Structures are given as structure tokens and as C-alpha cells.
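Structure, as C-alpha cells:
Given the structure is predicted, the values throughout are model-derived calculations rather than measurements. Whatever order the structure lists them in is the order used to number ligands and atoms, beginning at 1.
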Amino acid sequence: MTARIIDGNALSAKIRELLATSAAGMKVSHGVTPCLAVILVGEDPASQVYVRNKVAACEKAGFRSIKQVYPPNVEPVTVLAKIAELNADPSVHGILVQLPLPKHFDAEAVLEAIAPEKDVDGFHAENVGALMQGNPRFIPCTPYGVMKMLEAEKVPLKGAEAVIVGRSNIVGKPMAMLLLAQSCTVTVCHSQSKDLAFHTRRADILVAAVGRAKMITGDMIKPGATVIDVGINRQDSGPNAGKLCGDVDFESAKEVAGLITPVPGGVGPMTITMLLANTLESAERTLK
Ligand code: NDP
């Protein structure tokens, strides 16, 4: 059996078209353009790429974007002052600070400084709490994108065994909350989990969000399962050295799974798409 591939690029393109249409409509009806402000501190190459992609996606969808870049040694107070300024600017609907921040920053304090109603990443404690209560204001973009993929593929969720590998605040934990809200039976695995394969083999829906290249192999997957690969890793050896791969060993997994996301071209584009969706939603709320 060979799994059907969930094409994140195609689904993203479809959703982004709808978002662009809504943004254009908002401009005509209310004279408002959704606006996302992105703050980047330092010169981390991966972060630079992510920020560039986010800004480009905004522009392509007809959103306004503000990109504020600081050198790695900037004083946190300067960044906090910028966040306060963006919080107070009614033309800005979404603010995100690209993570990771340099070591001299208290990342939590920076995320808490963003006004919760503009926190389009959904990382502010108030928004995390709202998600936990089942009443989210902004759903963190990566798990939101995964839910959209499951919805688009009509994957049955009620009563399904969902296993998430990884318990980070930005992927694993919110993913667990969202699947739980859809009545999955959720198991969250992490670095201290014993016998990982025992858990993954029970999964009707398996989400890998670890950051370890190809760690989930075909023999760890239940036949017919839906496999969502969030991981983004650069291969450092072999014939594909330098190329991206996921946490799932795609070649062996696709022979067992029923549905599978590739890397690249799976969850990655959906994450940026849902960032746009959150920004648009934030702008829409200001019109009410
Ligand atoms: P973190 O490093 O914050 O979390 C990784 C998680 O994996 C931790 O909970 C850790 O456990 C767990 N883990 C580590 N080793 C093992 C192991 N051997 N077995 C089981 N669990 C393990 O990563 P993120 O959640 O931020 O990101 C995960 C991956 O997803 C990365 O590759 C990242 O690049 C990618 N990513 C992709 C996005 C996209 O748009 N596609 C967006 C965000 C992230 P413990 O808590 O015990 O340390």
C-alpha cells in the first residue's frame, strides 16, 4: 500500500486565495488593509528565511506588513518599546516576534508584552489559556494548519487515537488541545517517553514534532494511519546532504500510512497560511 500524499502547497494556495479575496473586500467595504508586524532580532539564517517568507506571503495576499529587524545585541527595552508602539497602532492587526530570541532576552516577557488581541501566533498566556478552555482567540499557526489539513482530507477525528510526538508550547501542546477538542483520544510523547514505538503504532493520527531527522520509521506506524510530519531538519550526510527532511522517514512511512504529509511541501506552507488567516481574523474583529 502506498499512502496518499497531503499536498500542503495546494491546500495553502486555495486558502490564501480566499484570504486575499477577503482582504480585498475589506479594503473596499471599510478602507482597512490587514496588517502584520514582524519583529526579527539577530541574524539566525533560518529565522531570516521564515521572516522573509511571512512578509512575502502578506504582500502576495494583499496584506500590509511591517518588518522590524534589530541587531543581535539590541537592548530588550528597545524591542519592548517597539511592541508597545505597535500595540497602540490601530492600523496594525497582528504582531509577531520571530523565535528564538538571543539569550539575553526573556522570551516569555517579550511574548507577554504583545497585546493579546494582536497576538496572531497565539503564544500569549491569555491566548494559551483561552485555547485550553476550548474557546480560542488565536490558534497557534502550525497546529491550526494541521487541523485544516485533517479537515480538508475529512480524516475522522471523533474517538480516533491521536499520538503526538513532542510537547513544545508552539506545536505539541496546542496540537493536543485541538485534537482533544475534536474528541480524539490523545497521547503526548516526549524525550522521556518509554517505548515510543508502542505509542506510535496505536495511532490513527500520528503527529511528529520533534526536530530529529527521520526518527519515525515505517515499522512504527499503524497501517492506514494519517501521518503528519511537522519536523523540519536539514540532512547533514548521505546523498541528500543539505536538503530538508521531516521527523518521519518518508520512504518507509509512505508504504504503511494511509495519508502522509511530505517535507517540504506539507505543514510548512500551512503554518504561514494560518498566520495570514489569524491576521485577517484580527482585522475583522476590529470592524465589529
Ligand atoms: P522543540 O525542540 O521545542 O520540542 C521538541 C519536542 O520533541 C520536545 O517536547 C522533546 O521532548 C521532544 N523530543 C526530543 N527528542 C525526542 C525523542 N527522542 N523522542 C520523543 N520526543 C522527543 O521543537 P518544536 O516543537 O519547536 O519543533 C519541532 C519540529 O518542528 C522542529 O523540527 C521544528 O523545526 C519544526 N517546526 C516546524 C514548523 C512548520 O511550520 N512546519 C513550525 C514549528 C516547528 P522534551 O520536552 O522531553 O524535551
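- Nearest to atom 46 (O) of ligand 1 among the protein's heavy atoms is Arg167 NE, 2.7 Å.
- The side-chain heavy atoms of Val165 and His199, taken from C-beta on, include no pair separated by under 4.5 Å.
- Closest protein heavy atom to atom 4 (O) of ligand 1: Ser168 CB, 3.8 Å.
- A salt bridge links Glu85 and Lys82; the closest N-O separation between the charged side-chain nitrogens and carboxylate oxygens is under 4.0 Å.
- Considering only non-hydrogen protein atoms, atom 26 (O) of ligand 1 sits nearest to Ile170 CD1, 3.5 Å.
- A salt bridge between Lys214 and Asp247 is absent, with no side-chain N of the basic residue lying under 4.0 Å from a carboxylate O of the acidic one.
- The nearest heavy-atom contact from the protein to atom 31 (C) of ligand 1 is Gly211 CA, 3.6 Å.
- Considering only non-hydrogen atoms, atom 23 (O) of ligand 1 lies nearest to Val210 out of Val210, Val263, Val171.
- By the 3.5 Å distance cut-off applied to N or O atoms, Ser191 is counted among the residues near ligand 1.
- A salt bridge does not link Glu59 to Arg64: none of the charged nitrogens lies less than 4.0 Å from a carboxylate oxygen.
- Every atom of ligand 1 with a heavy atom of Val165 under 4.0 Å away is listed here by number and element: 20 (C), 21 (N).
- Counting heavy-atom neighbours within 6.0 Å of Glu153 CD, excluding the residue itself, gives a total above 12.
- With hydrogens and angles left out, the side-chain atoms of Ser252 and Asp249 include a donor and acceptor closer than 3.5 Å.
- Neither side chain, Ser191 nor Arg167, offers a donor N or O lying under 3.5 Å from an acceptor on the other.
- In this structure, atom 18 (N) of ligand 1 lies nearest to the protein heavy atom Arg212 NH1, 3.2 Å.
- In this structure, the protein non-hydrogen atom closest to atom 33 (C) of ligand 1 is Ile232 N, 4.2 Å.
- The closest approach between any non-hydrogen atom of Ser193 and ligand 1 is not below 4.0 Å.
- Ligand 1 has no atom lying under 4.0 Å from any heavy atom of Cys189.
- Taking the charged nitrogens against the carboxylate oxygens, Glu284 and Lys288 have no contact shorter than 4.0 Å, which rules out a salt bridge.
- In the model, Thr142 has a side-chain atom that pairs as donor or acceptor with a side-chain atom of Thr271 under 3.5 Å.
- Those atoms of ligand 1 that come under 4.0 Å of a heavy atom in Gly268, given as number and element, are 40 (O), 41 (N).
- When only non-hydrogen protein atoms are considered, atom 37 (C) of ligand 1 lies nearest to Val230 O, 3.1 Å.
- For atom 20 (C) of ligand 1, the closest non-hydrogen atom on the protein side is His190 O, 3.2 Å.
- Contacts of Asn169 with ligand 1, taken as heavy-atom pairs under 4.0 Å, are absent altogether.
- Ser282 and Arg137 are not linked by any side-chain donor-acceptor pair at a separation below 3.5 angstrom, with hydrogens and angles left out of the test.
- Here is the list of ligand 1 atoms found below 4.0 Å of a heavy atom in Thr271: 39 (C), 40 (O).
- A salt bridge links Lys254 with Glu251; the closest basic N to acidic carboxylate O contact falls under 4.0 Å.
- Taking a 4.0 Å cut-off on heavy atoms, Met215 registers as neighbouring ligand 1.
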